[in-house]
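Written below as structure tokens is the structure these notes are about.
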Amino acid sequence: MRKRQVVLRREEPTRSVRTVKYGECQKNHAASVGGYAVDGCREFMASGEEGTGAALACAACGCHRSFHKREVETEVVCECSSPPPSNNGTT
């Protein structure tokens, strides 16, 4: 009978951090007349405090946040433990 050895690998915990930013306004103000015209707002700025209705309106152009281009940045964070530093024989 052969013996089997089981090796368990311990995965280092990782997590991802998402940052959402809203860029230029893409609302077509001339859609009702069959044209295409945007207002030139380059970045969403909330009108009020987070958690209020005013936080969803842009202070610059007045449009709802959903009209602004959504840009998501994902960063992977590794909570890896580094090996202890070696003393190289010195104390």
Side-chain angles (χ1 to χ4, degrees):
M1 177 185 267
R2 289 185 162 181
K3 290 186 179 180
R4 291 187 180 182
Q5 183 178 7
V6 177
V7 177
L8 298 176
R9 278 195 215 172
R10 185 174 175 190
E11 295 286 330
E12 293 293 333
T14 60
R15 62 186 172 107
S16 60
V17 178
R18 284 190 169 170
T19 304
V20 178
K21 180 181 171 186
Y22 293 90
E24 66 271 1
C25 184
Q26 298 176 333
K27 182 176 180 180
N28 183 2
H29 294 277
S32 62
V33 294
Y36 181 77
V38 292
D39 59 12
C41 179
R42 302 296 291 162
E43 186 176 355
F44 175 80
M45 295 181 292
S47 295
E49 295 284 325
E50 186 68 34
T52 64
L56 300 176
C58 182
C61 66
C63 294
H64 189 272
R65 184 176 73 182
S66 63
F67 285 107
H68 288 259
K69 183 178 179 181
R70 187 172 191 232
E71 300 166 354
V72 180
E73 293 181 7
T74 304
E75 179 181 349
V76 177
V77 179
C78 178
E79 298 172 0
C80 303
S81 57
S82 59
S86 61
N87 290 339
N88 293 336
T90 59
T91 55

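At a threshold of 4.5 Å between non-hydrogen side-chain atoms, the residues Cys41 and His68 count as touching. Within the 4.5 Å cutoff, the side chain of Thr19 has no heavy atoms near those of the Glu75 side chain.
Under the side-chain hydrogen bond (donor to acceptor under 3.5 Å, both in side chains) criterion, Asn28 pairs with no residue at all, not counting sequence neighbours. For Thr52, there are no side-chain hydrogen bond (donor to acceptor under 3.5 Å, both in side chains) partners at least two apart in sequence or on another chain.
Cluster note: Phe44 groups with Val20, Tyr22, Val72 through ILVMFWY side-chain heavy atoms spaced under 4.5 Å, whether in direct contact or through intervening members. Residue Met45 belongs to no hydrophobic cluster, having no ILVMFWY side-chain heavy atom closer than 4.5 Å to its own. Residue Tyr36 shares its hydrophobic cluster (ILVMFWY side chains chained together at separations under 4.5 Å) with Val38.
One distance of note links CD of Glu73 with CZ of Arg18; it measures 12.0 Å at 0.5 Å rounding. Once rounded to the nearest 0.5 Å, the distance linking NE2 of His29 with CG of Asp39 reads 3.5 Å.
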For a quick test of your reading: what N or O donor-acceptor pairs under 3.5 Å do the side chains of residues 54-66 make, sequence neighbours left out?
unit_1	atom_1	unit_2	atom_2	d
His64	ND1	Ser66	N	3.0
His64	ND1	Ser66	OG	3.1

